[in-house]
Structures are given as structure tokens and as C-alpha cells.
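Single-structure report; data block below.
Computed from a predicted structure; not experimentally measured. Chain naming here is simple, since letters A, B, ... match the order of the sequence lines and numbering starts at 1 in each.
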Amino acid sequence: MPFGDGETILDVTRRAGRQVPTLCHDDRLKPAGACRTCLVQIEGARRLAPACSTKAGDGMQVTTANERIDEHRQNLLALYLVDHHQGHDDCEDGAPCELHAMAAAYGAPTDWEPLPLARAERPNDDNPYIEFRADRCIACARCTRYCDEVEGVSAITMAKRGIETTVSTADALGLFDTTCELCGGCVAVCPTGAMAEKMPLVAKAPPERKLHKVRTTCNYCGVGCQMDINVDGYGNNGKGQVAKITSPPPGTLPSDGNLCVKGRFAYDFIDHPDRLKVPLVRNAQGELKEATWEEALAAAAKGLRAVEAEHGKDALAFVSSSRCTVEENYLVQKLARVAFGTNNVHQCAAT
Amino acid sequence: MREESRRASVPEELQKAHAAGEDATNVAAKTTGVPAADVFGVDTFFNLLGESEKKLRVCTGLSCRLAGSEKILAQAQAAGLGATESSCLAACDRAPAVLKERRTLVEITAADIKRSGGDWKELDSKEVPQHLRWSGHVWPAESKPKTCAINLAGKPNWSGAASTLATEMGDEAVLAAIDEAGLQGRGGAGFPAAFKWRSVRGQAETKRYVVLNADEAEPGTFKDREVMMKRPDLVLEGLAIAARIVRATEIYMYIRGEFEIPQQVMADAIERTQSAGLYSELHFHIHSGHGAYICGEETALLESLEGKRGQPREKPPFPTEVGLWGKPTLIQNVETIACVPSILTRGGEWFKALGKTQPGSKLYCISGHVANPGVYEMPLGICLDDLVQAAGGYIGKLKAFSPGGASSGFLPASERKRPLDFKALAEIGSMLGSAGVVVLNESVDMAWAAQEQLLFFERESCGQCSPCRIGTAYQRHLLDGYISKRGQDGAKDSLSKLSMVSKEMIEGSICGLGQTASLPLTSAIQYFPGEFA
Ligand SMILES: Cc1cc2nc3c(=O)[nH]c(=O)nc-3n(C[C@H](O)[C@H](O)[C@H](O)COP(=O)(O)O)c2cc1C
Ligand code: SF4
């Protein structure tokens, strides 16, 4: 196989269509070589080498599967499983578990007696979005490296050592009390659902593999990230419900698997009881009452014209939401300039 | 470089802030500019930082256990001293040892505990009061410069004669002498020293570093402590010679945090040589460890020097190419470096001839069931019986021994004539390692001894790679299961997964810790099957 400068064995084997399992790897991160699932045999080397961090070399002969490697993978995965939440289905509430899938794919024994949990949790973290479930964590450090290397936020860290190695924050504080921006990238990169989303867990949403993904564009701002709405067709008494939002896989689109706090987590308005579905207009007593669109628009126009009459055209200003499309923004400035004769028009994402 | 050195000072800033009772994470984050979470990650990695509120730690090393440290711990706890456990404190010759903040107190007795009156500050050894710069028993007790390359009983020589000689000889002649001497690394791996020196010398990058590995934390090992205490002159001179050969001017001495006294001795020695104008173009820096055995592994040591969690790096690249802050780095053990001056003054040929089966004289640490535990400088390749004869004989009947620290596993009495060298021990799946020899007599239960060693590795695993992180805990779990059912039918079934676990630890672990951590148990089962029936 030909290879380019700096390419790793993993890059080359993937191009060759060979399966090499990985748990701690993410193309956006520097290779860590720590999960040991990607060990391969290099002709002439005594020890197996991590495919993710070993550079391809001239004339290098690499074996990605043989008896020795198979045995290593099975024993390794069996060890992972003794230090992990037991049972596939249970484990997958919240997010898919790459570990269980890998253990099944490589025929790892699943009947080794489990160890008691030694990783500390952070039970008092009251942020509304992200939960750390220590029993699922495999200490692969994808989340902490992502937070550091991709987001540049460094809110989370690996803490303690040995079997107690866990994911924590400065002084094990809740995420609200750290530099965390709640982008949820740690949730997205976690291979086992240890970094989990609180809302689907609270709502007891079905596992992700049972959800239906609908690709759309985030309309929270002008960047236009692509996102996948994960719909539970049976939720909300059969009416269907958005269970969570995920990013399309890294490397496929310009947003490269990233989302921000709004894109990833601010979807609960969709079925929220407080959501406005019809216009409301205040009556003479100042109470909000349901109205038709004609009534609502007439009331708004009347109010605007009244300001214009009393204070002049430039007493009016129009600000459109960052959630408006280009076409809608066009119409807002038309409304301002043509209907009301003012140039006081702005868009909230224009800062 | 400013950012690098700020980062490197994270552990030190944490130590200071803890001592001052401050909000350590945030204070250290502010002074260093390192994110608070990363600072916390470092803090919780090192026992002496993250658990700095614990003031007394009782050694759990095998020799201290044999000397009753378990009782001392129980008594200390009962006396309200708030004592906790510590991994081996490198005072096996003066067991049982207790760490008081960062000072090692030796030969602690029940009477000492009583005298403390329940106040940890008052705990002291009546035998060896802590204001003393205590050291250990060494052999030969008189100066023998002709047969001992290090010669612990010899008077320090502050003339810098060997270093001057090295300059006169020229670099190639120095390297040739080290080559001829056949000097092998004495930190554990036995790697030829000259090879590393040449490798660093040959790098294209011109910024290079020399690092002294004085982390000495392999259970049963306390020779580097004695070298620093008794011959700091040789350590500095060896470092200076090495630094000139590899063209480095910055020398970092990584000394374990529990070595408060040796740190002081080395600091005084630096002061002394520099004020006498010796090695004046070199900068010696002392970096204290903070309680983590793994930082003795050379790449973990580098991470720790850089102010990070002490997690080993994948090799290759080796530190000689990509070391401290990514620059070529020569890392050498204290004993290795201390051999250099006499090799130059007396010749490579002389050094080589000092050995019996392999080149040189060697510092053997002996403790456990022997009459006179201590550091013995003897020809490399003597056997256990020779060593113990010098050490005043066995206490009780020899049952088993550990030839080179916990990582070397156990050997049966039948190996008492085997040369204690790098090659002969490797042939039977053991190793000379750090030459920390622990002798066990017939009173010792091998399952118990293995359990103590397994606990050590579990506690000291850095946790980065899963074969070791989970494997060390799981093998101990399996052994606990066996011990709890011992004597009952099917007790042995508890160990049925062990061979798969140990195989994976050897195959999959990143560094030597995980790769050897199963040896105490697998060797105990191999040689003493009757005790695991
Ligand atoms: C787990 C582990 C712990 C180690 N601890 C020490 C130590 O305390 N002191 C030491 O000199 N070498 C230690 N080593 C060996 C070092 O990695 C390295 O080989 C040595 O410092 C090189 O110096 P030398 O060639 O002079 O022996 C350790 C290795 C491992 C794998
Ligand atoms: S083998 Fe153990 S100590 Fe070494 S890198 Fe892996 S987890 Fe850390």
C-alpha cells in the first residue's frame, strides 16, 4: 500500500478497507494509543504496536488480524467489560455503546465476574444537559482531549490514577462552575454513553439505534451547521417526539461533528407546553387572548403607526431574529424601509 | 520556554498552595496560567499533592510488612494519628518506615507511636531522630576504591578530577572508555549507557537535556538513596561529564518526594561545587517527585517534569530523540551515572573486570529475612548465597526471594546459586531490575506476599492504558477471591481467568509497569503451586 507523509498505520489500513478496532481514537484528536484495541503486528517487531499512533514506514509489513491479535483483543475486551456497566440493552440507554458492539464483533467473553465500581462520579452537577455516568466510562479520554484540543475549553480532565481514573472537572465542580460552554462535544465523542445527555435520560427515550434521524440545518444562527434530529416515532403518545439532536459524523461536513449548546440541546421547545402556537393579543384589560393572524397583524400595525405618528419614522427600529432565513431577513428590511420608511433595521446575529 | 516552565511548575505551585492551606487548584492555575481542570488532574494524580492532608503514611513494602508495619499502622490509627498506607518508601533496610509529610522516619516502634500522644507532629523515631540525616548500612564498610566503582564508604572527592580528565581525554576517548567498561543502565533495563550517549550526541536538534532518574520507588530498592547520601560528588561529576559529551547545559535531577534528606544533600552538593567554580557552565535543577512510582519510568518522568500527569509515552520515539519538551534527552539512573568518574580515572578495562558474569561492581539492596540489611557493592553476577553471606546470613530458612524489586516476581530457594545479573535472571523470566533483593523465609505465605505486591501495582498504575488499569485491579480481585475461599473445594477456580489477564497485561500494556505487574503472582504460582491448590 502506498502512503503519504505522516500517515499512520491506521490511516493506511482504513484505506485498504481493513478493520482495525479503535476506542480512544478520533480523527480530530492527536492519537493517544491508550485504549490498546488497535494493536497490530509489525513484521520484525517483538511487541504489538498501536495502529493509531505508529507512522507507516517503507516496506513495513503489517498484520491486522491473526491468532495472536485476536486473543489480545478478546482478553482486552473481556477486561473492559468487567469494569463496565453490565448488559447491552441497559447500557445503550442514552447513547450507543461502541464497547459492547466491539466485544460482540470480536467474540470477547462476557461472563467474567465484574469488578466493583472504582471511578468517582460527580453527583451534584446540576447543569441541565450533561451527565457523567461513571459506570459506563472506559477512561479513553476522548472527551477530555476533545474539550482541550477541539474546543480549546479544557473544562474537563482525567483525574486520579489506576483503576480510580475518572473524568472530572477542576475540584470536581458542576459544569456550570467551570469554563464549560456546554457544547456537548464530550457527549458526542463518548464511545459508551458515559458522557450522556440528561434530557433523553429523564424522558426515558429509546436507545439511539431505535430513533429515526432527520437531517436538517440548525436555525439558531447563520453558520448553518447540519444536524440530525433524532425522532422517536412512538413518543408523545404516538404523535412522535424529538428525543435528541446529534451531529452528522465528523469528517463528512464543514461542521466536522461539532455543535454548540443551542444546536445540540435547545430542542425541548418543540413539544414544550409553553410554546406559542397561535398569536396572542392583549385586550382592554391587558390580558393576553388568543387571536387570529389578521387580528394580530392589525394590532401590531396599529401600534407601530401610532409610534410613527407621535414620534416620527425614525422612532421605529426593526430587529430580526438570528433564526430567520435570508429570505425572511430580506422581507424584514423591506418592511422597515418601504412600509415604515426607516433604515433602523438590524439582525441579531450581525454582531 | 516561559510557558513551558510555567507549566512545569504546576506540581510545585500545588505543593506550596496546599502547605499554605490555600484553594490549591485555583491558586496554582492562576500562577501558572494552566487551565484549572488540568491542574486538578495533576493534583489528583500525585498522592503527596491530592492527599496532602494525610500527614503520616506507613510503608506497605514487603520488607516493612515483614517488620510489622501493618501493626504500626493499626496502632497509629488507634492512637488517632490519622495514618494511612504508603507504597514502598525505599527504607527497606531500616524497616518499618513511616513518612511524616515528606520526611521518612525509620525504625518506628510501638513505643514511638505511644510517645506521640496522638499528635502526628510529635511522632518521631527514638532510634533515629528525624533531625538526623540518617542513612543506611553499607558494605564494604571501609573504603575499597580498587574493587568498588562507587565505593560508598569512600570519602567524597570534590576535586572534579575525573571531569577534568574527561576534558583532557576528549569526547571520543570518553565514549570509548564507557563502551569498554560495558556500563549497563542500573535503573532496571540494563541498557548500554554509551549507546544512549552516542544517540543523543548524534541528533540534529542542538538543544538537549540530561535527566537524572532518582525516583527510586521500586519496592525493595534503596541504593540510589545511599549513593546520593554518601557520594553526591560522584553523581554531580558523572552528570557533568555526560552533559558535556551530549552537549547539554541543563541538567534536571528528578528525586522522589519522599527523599527530603537526599534532596537536601544533593542541593548542598550543587551549592558546594558551583561555589568552588566546578561545572560552572552547567545548570543543575532539582525537581521533586510527589508520590508516584510510575514517574520512575523514563517517559512518565518526562511528563511529570513538564508539569503533567505522570503517564508514560509510547516508545518509539525514545527520549534520546524526543525527550523533555520534545528535545533529545539523556536519562540515566543515579547508580549508572555515579559509575562514570571511576571508569574514567581507572579505565574501562578495570571496571569491566570488577564484574563476575557481567561488567562492573553492582549495588545490591538486600532486605527481608537477612541479618544485616543494607546496600552491598559486589561484583555483578554474584549469587544470592554470596550476597546473604556478606549480609550476615539468613534469618530462618530461605524459602523464596525477589531478585530485583517487585517487578521481578519471586524465585524459589533453588535459584540461590544463580548469578544475580541482567542475563541469567532474564533467562528464567525474572530480572535484575533495580537489584532490590528481598529475602523471604519459610514463615512467609506466598499468596500473602503476592497479594502485597499486587496491591502495590494496582495503587501505582497510572491508569492510562486498560490492560494495566483494569488488569492490576482484576488480578488482585481474583487473588482475593482465592484467598477468601482457600482450603475449600474449588478455591482454585477463582484463579481460572488469571492466565488470560496476565497474558493481556504483558501483551497490551504500554509500559513496564503493566508488563511486569502480574509476575509476583504468576511466579508464586509457578514455583509454589502447593500454596495455590
Ligand atoms: C514502572 C517503572 C519504574 C521505573 N522506576 C525507575 C526508577 O525508580 N529509577 C530508575 O532509575 N529507573 C526506573 N525505571 C527505568 C527507567 O525507565 C529507565 O530505564 C532508566 O531510568 C534509564 O536509566 P539507566 O539506563 O541508567 O538505567 C523504571 C521503569 C519502569 C517501567
Ligand atoms: S502499563 Fe500501567 S502504568 Fe504503564 S502506561 Fe499503562 S496504565 Fe500506565
Side-chain angles (χ1 to χ4, degrees), chain A residues 23-24 31-37 39 47-50 53-54 68-69 71-84 109 112-116 118 120 138-141 144 147-148 153-166 168-173 178-180, chain B residues 23-26 29 34-47 50 292 294 309-317 457-474 476-478 481 494 496-497 499-510 514-515:
Chain A
L23 281 174
C24 69
C35 76
R36 313 310 279 171
T37 54
L39 298 189
R47 296 195 58 80
L48 300 179
S53 62
T54 310
R68 176 178 176 192
I69 298 171
E71 188 183 3
H72 146 69
R73 284 178 188 156
Q74 286 168 358
N75 289 339
L76 175 65
L77 291 166
L79 276 176
Y80 269 116
L81 290 176
V82 302
D83 189 32
H84 188 68
W112 293 15
E113 191 196 338
L115 278 174
I138 55 168
C140 68
T144 56
C147 188
D148 219 23
V153 167
S154 296
I156 51 178
T157 177
M158 300 312 287
K160 308 284 279 187
R161 70 182 189 211
I163 193 72
E164 293 181 345
T165 306
T166 190
S168 194
T169 56
D171 294 330
L173 294 169
T178 70
T179 51
C180 174
Chain B
D23 167 8
T25 308
N26 289 313
V34 172
D38 294 355
V39 170
F40 185 70
V42 172
D43 195 56
T44 55
F45 187 87
F46 294 98
N47 287 339
I294 190 57
R309 291 162 60 80
Q311 297 178 173
R313 302 174 182 168
E314 187 77 47
K315 293 188 277 195
F457 288 117
E458 179 182 357
R459 233 185 241 134
E460 299 296 337
S461 161
C462 86
Q464 169 184 213
C465 73
S466 29
C468 169
R469 180 182 70 246
I470 309 171
T472 51
Y474 203 58
R476 204 259 306 161
H477 175 78
L478 298 177
S494 307
S496 63
K497 306 282 187 292
S499 62
M500 286 177 274
V501 175
S502 61
K503 195 160 184 193
E504 177 51 26
M505 289 170 69
I506 295 166
E507 187 81 293
S509 293
I510 291 179
Q515 289 160 19

(request) Heavy-atom distances under 4.5 Å only: say whether A/P114 touches chain B with side chain, backbone, both or neither. (result) backbone
(request) Give the intermediate values and the outcome of side-chain contact (heavy atoms from CB on, under 4.5 Å) for residues B/E460 and A/R161. (result) CA-CA 8 Å; B/E460 299 296 337; A/R161 70 182 189 211; 2.9 Å; yes
(request) Please determine, among B/S466, B/P35, B/A473, the option with the most heavy-atom pairs under 4.5 Å with chain A. (result) B/S466
(request) Answer yes or no: does atom NZ of B/K315 have more than 12 heavy-atom neighbours from other residues, nucleotides or ligands under 6.0 Å? (result) yes
(message) At a 4.5 Å cut-off on heavy atoms, which part of B/D23 comes close to chain A: side chain, backbone, both, or neither?
(response) side chain
(request) Sort A/A139 into side chain, backbone, both or neither according to what part of it lies under 4.5 angstrom from a heavy atom of chain B. (result) both
(message) Is the shortest side-chain heavy-atom distance between A/R36 and B/I510 below 4.5 Å?
(response) yes
(request) Would you check if B/Y474 and B/E458 make a side-chain contact, meaning some heavy-atom pair closer than 4.5 Å? (result) no
(request) Check whether B/A24 gets within reach of chain A through its side chain, its backbone, both or neither, counting any heavy atom under 4.5 Å. (result) neither
(request) I would like to know whether B/C462 and B/F45 meet side-chain contact (heavy atoms from CB on, under 4.5 Å); could you show each step before the answer? (result) CA-CA 8 Å; B/C462 86; B/F45 187 87; 3.9 Å; yes
(message) If I measure from the heavy atoms of chain A, does B/R309 come under 4.5 Å with its side chain, its backbone, both, or neither?
(response) side chain
(request) Heavy atoms only, distances under 4.5 angstrom: which of A/L39, A/T144, A/V82, A/T54 has the most pairs with chain B? Name it, please. (result) A/V82
(request) With a 4.5 Å cut-off on heavy-atom pairs, point out which of B/T25, B/V501, B/T44 contacts chain A the most. (result) B/T44
(message) Working to the nearest 0.5 angstrom, can you tell me the gap between B/K497 NZ and B/H477 NE2?
(response) 10.5 Å
(message) Below 4.5 Å, heavy-atom pairs only: which of B/A29, B/C468, B/S509 has the largest tally toward chain A?
(response) B/S509
(message) So which residue, A/L76, A/T37, A/L23, A/T169, ends up with the most heavy-atom pairs under 4.5 Å with chain B?
(response) A/L76
(message) Return the CD to CZ distance between A/E164 and B/R459, rounded to the nearest 0.5 Å.
(response) 10.5 Å
(request) Enter the distance from B/I506:CD1 to A/R47:CZ here, rounded to the nearest 0.5 Å. (result) 9.0 Å
(message) Nearest 0.5 angstrom please: B/C465 SG to B/I470 CD1, how far?
(response) 9.5 Å
(request) Might you work through the side-chain contact (heavy atoms from CB on, under 4.5 Å) test for B/D38 and A/D148, ending with a clear yes or no? (result) CA-CA 10 Å; B/D38 294 355; A/D148 219 23; 4.2 Å; yes
(request) First locate atom CD1 of A/I138, then atom CG of A/L77, and finally report the distance between them rounded to the nearest 0.5 Å. (result) 9.5 Å
(request) With a 4.5 angstrom heavy-atom cut-off, could you sort out which part of B/E507 is near chain A: side chain, backbone, both or neither? (result) both
(message) For B/T472, which atoms come within 4.5 Å of any heavy atom of chain A: side chain, backbone, both, or neither?
(response) neither
(request) With a 4.5 angstrom heavy-atom cut-off, could you sort out which part of B/F46 is near chain A: side chain, backbone, both or neither? (result) backbone
(request) Name the member of B/R469, B/K503, B/R313 that forms the most heavy-atom pairs with chain A at distances under 4.5 Å. (result) B/R469
(message) Below 4.5 Å, heavy-atom pairs only: which of A/A118, A/C147, A/P50 has the largest tally toward chain B?
(response) A/P50
(message) Need one label for B/S496: side chain, backbone, both or neither, based on atoms under 4.5 Å from any heavy atom in chain A.
(response) neither
(message) Counting only non-hydrogen atoms closer than 4.5 Å, does A/E113 touch chain B with its backbone (N, CA, C, O), its side chain (CB onward), both, or neither?
(response) both
(request) Check the pair B/Q515 / B/M505 against side-chain contact (heavy atoms from CB on, under 4.5 Å), numbers first and verdict last. (result) CA-CA 6 Å; B/Q515 289 160 19; B/M505 289 170 69; over 6 Å; no
(message) Only pairs of heavy atoms separated by less than 4.5 Å count here; which of A/D171, A/L48, A/L173, A/T179 has the most with chain B?
(response) A/D171
(message) Can you tell me which of A/T165, A/T178, A/I163 forms the most heavy-atom pairs within a distance under 4.5 Å of chain B?
(response) A/I163
